[in-house]
Amino acid sequence: MTNQDIASVFDEIADILEIKGDNPFRVRSYRRAAETISALPFDIESVIDTDPDRIRSAPGIGVGTFRKIQELIETGSCQEHENLRREFPPSLLELLRVQDLGPKKIALFYKHLGIRNLDELEAAARQEKLRELPGMGAKSELKILKSIEELRHRQGRFRLDYGTEISNRILDYLRSQANVQRIAAAGSVRRRKETIGDVDVLVTTSNPGDVIRTFTTFPGTYEVQAQGETKASIRTRQGLQVDLRVVEDDAFGACLQYFTGSKEHNVALRERAKRMGFKISEYGLFDTESGDRVAGREECEIYEKLRLPWIPPELRENRGEIEKAEKGELPALVTIDNIRGDLHMHTTASDGRNTIEEMAAAGLERGYAFIGITDHSKSLAMVRGLDEEKLLRQMEEIEAYRRTNSGIEVLKGIEVDILADGSLDLDTSVLSQLDFVIASIHSRFNMTRDEMTRRICRALENPTVSILAHPTGRLLLQRDAYQVDLEEIIKAAVANRVCLEINAYPARLDLSDIHCRMARDMGALITINSDSHTDGMLHYMSFGVDTARRGWLEAEDVINTYPVDRLKRVLKKQEYR
DNA sequence: GCCGTTTTCGGCCCGACTGTTTTCAGTCG
């Protein structure tokens, strides 16, 4: 059972308790537990027997939660959870994913109309039955219909962090439990796409039957969907499908290339192969005339025979990579090893869980040369955002830290809110005393495109601002980006020497890969940041690097790769490109 | 349900927006 599986049980308990109308603080504590668990940097199942205190000491994990974790790992389920599921149909929970629909209204619809799932909700809305209920009207009904439609578009997809966790677990499991020779994950996980539809695993073995059998007993399996001689499919508890294919050793490379995709990249590659007198398939590269297989064992041979350098999977979207490869002009993509630090993280001063010292220690452990402390500003009352006075106090705290510690440069920053009119939430006289200022939007998402664009551009003109965080505000599979003219934003950023962020938080990845490339082409500098709220989240950085690579970025495009002195000049706008 | 203590209970993040209301409930961040 993965941390994610455990976390989602607690989330589900919280959901049902909310619909039930239970004590909101009890609900929150389940949510908090879920959050903590999904961010733990270690695997619960593998330490629960040897080092249970590591789990017990995590914030928000008390006696009750710990018992439920034990119960989940030992028995695969938890009594409290099962009881609640009997009380309310689990299908009710999918309704929580409808925007603007919360527990109260779901309970109302369930009680009065017996609505248990999306289809029934949609039908009731179309028959104009919802508007008759207390507190409802025609407008809410239309809003619900629109939200249902948006939700249906997203369904069946998963975030990359979950896909990565599952594919890594399966690879480890098969390597240790079965007689595999070569094994790799292909598909969108390998391309590091921000969301994935399924996981494809390829394997070579001398004993296919054994590998298939082992695969179908993977501990995270919810159901086995198909099981044949060379192929099997399982579904995880979260509903993610994983396909395993046993392939011939001589075709492993070809198969890896084929199943890595993307479809568009493969179509373009096939056309090229055809022009050159080859036929390409998952079984190899074949000479059209003789029918001989000329490549297939290694993936790079396929590209080689097509007179191309090997193309990194992140670029395989048919967005010009084949043309560039042909000319030898592929970018030297930024790697995680190039990253020297992280400029966006929170502490206990606002909604983070760790102190400045603890975040610095975690940064050191990752081998960073610098970190930037950037708590929220006062308008985010919900997270106890900092006002001018508290910020000044935090600055003193950081200076005190600097005097007693070395080895990592702790920069004084803030994530200041951009208010509705484009002004900043804190006084410029205080902001200018910081090492750098991140500006971002957390409220009033529903402005018109023009209003929002003007709002952000105005903020970028503030001389203290050197980073725009999560520029489009999207939350993957949850919330679309706000309406904004990103081209205008990028232009304004370049004109004002502001760096655009790739927020590496797996639910954001904002800028997206496409916007990232656009920003680079327009001359913008990029910063990749984890937006950590605990010391265990710094590793999210790798997802940001994945996005940067998909956006064709090189180390020089990303300020986190710069030595501290150069970084400081960029943050003070003395240097840009 | 967690946490911390002024220690075994009582507090726990709150303000804005929307659509429904005629003073507020529900949702979101």
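Bear in mind the structure is a predicted one, so any value in this text is a computation, not a measurement.
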Distance check, [atom1] atoms only: [N] and [M], in whole angstrom units.
N	M	atom1	result
B:dC17	B:dC12	P	25 Å
B:dT7	B:dC2	C1'	15 Å
B:dC13	B:dT5	P	16 Å
B:dT6	B:dG1	C1'	23 Å
B:dT27	B:dT21	P	15 Å

Exercise for review: Could you tell me whether A:R366 atom CZ has more than 12 heavy atoms of other residues or ligands within 6.0 Å of it?
Suggested key: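 Yes, enclosed.
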Name the atoms and distances for all side-chain donor-acceptor pairs under 3.5 Å in residues 377-387 of chain A, with sequence neighbours left out.
from   : atom 1 : to     : atom 2 : distance (Å)
A:S377 : OG     : A:D417 : N      : 3.0
A:S377 : OG     : A:D425 : OD2    : 2.7
A:K378 : NZ     : A:E388 : OE1    : 3.1
A:K378 : NZ     : A:E388 : OE2    : 3.4
A:S379 : OG     : A:D425 : OD2    : 3.3
A:R384 : NH2    : A:S350 : O      : 2.8
A:D387 : OD1    : A:E389 : N      : 3.3
A:D387 : OD1    : A:K390 : N      : 2.8

State plainly whether the residues [X] and [Y] are in salt-bridge range, i.e. N to O under 4.0 Å.
X	Y	value
A:K412	A:E399	yes
A:E94	A:R97	no
A:R549	A:D557	no
A:R444	A:D421	no

Over all strands shown, is [X] touching base, sugar-phosphate only, or nothing at heavy-atom distances under 4.0 angstrom?
X	result
A:L380	nothing
A:R131	nothing
A:A138	sugar-phosphate
A:P59	sugar-phosphate

Looking at [range], who's got a heavy atom less than 4.0 Å off DNA chain B?
range	result
residues 443-460 of chain A	A:R444, A:F445, A:N446
residues 103-112 of chain A	A:P103, A:K104, A:K105
residues 7-35 of chain A	A:N23, A:F25, A:R26, A:R28, A:S29, A:Y30

Point to revise | 4.5 Å side-chain heavy-atom contact, A:R169 and A:D43 | key: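 Yes, their side chains come closer than 4.5 Å.
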Review point. With side chains defined as the heavy atoms from C-beta onward, is the minimum distance between A:N3 and A:S38 less than 4.5 Å?
Key: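 They are not in contact (no side-chain heavy atoms under 4.5 Å apart), so the answer is no.
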Check your understanding: Parallel, tilted or perpendicular: which fits the ring planes of A:H376 and A:H533, with parallel below 30° and perpendicular above 60°?
Key ->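 Geometry flag for A:H533 against A:H376: tilted rings.
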Practice item. Both distances under 3.5 Å, Watson-Crick or G-U wobble: report the partner of B:dT8, or none. Key: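 With both distances under 3.5 Å required, B:dT8 matches none.
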Check your understanding: When the nearest nucleotide of DNA chain B is assigned to A:P134 and to A:Q99 on a heavy-atom basis, which residue is associated with the more 5' position?
Key ->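 Looking at the nearest nucleotide for each, A:P134 comes out on the 5' side.
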Exercise for review: Decide whether A:R353 and A:T534 meet the rule of one side-chain donor and one side-chain acceptor closer than 3.5 Å.
Suggested key: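 Per modelled atom types, A:R353 and A:T534 side chains form no pair under 3.5 Å.
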Check your understanding: Can you tell me how far the CD1 atom of A:I69 sits from the CZ atom of A:R67, to the nearest 0.5 Å?
Key ->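 Rounded to the nearest 0.5 Å, the CD1-CZ separation comes out at 12.0 Å.
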Could you list the donor-acceptor pairs under 3.5 angstrom formed by side chains in residues 468-490 of chain A, with sequence neighbours left out?
from   : atom 1 : to     : atom 2 : distance (Å)
A:H470 : NE2    : A:E415 : OE2    : 3.2
A:T472 : OG1    : A:D510 : OD1    : 3.0
A:T472 : OG1    : A:D510 : OD2    : 3.2
A:R474 : NE     : A:R508 : O      : 3.1
A:R474 : NE     : A:L509 : O      : 3.4
A:R474 : NH1    : A:E194 : OE2    : 3.1
A:R474 : NH2    : A:E194 : OE1    : 2.8
A:R474 : NH2    : A:L509 : O      : 2.5
A:R479 : NE     : A:G473 : O      : 3.3
A:R479 : NH2    : A:G473 : O      : 2.6
A:Y482 : OH     : A:P471 : O      : 2.9
A:D485 : OD1    : A:E487 : N      : 3.2
A:D485 : OD1    : A:E488 : N      : 3.3
A:E488 : OE2    : A:K491 : NZ     : 3.3

Exercise for review: Check every nucleotide of DNA chain B for an atom under 4.0 Å from a heavy-atom of chain A, then give the first and the last such nucleotide from 5' to 3'.
Suggested key: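 On DNA chain B, the outermost contacted nucleotides are B:dG1 to B:dG29.
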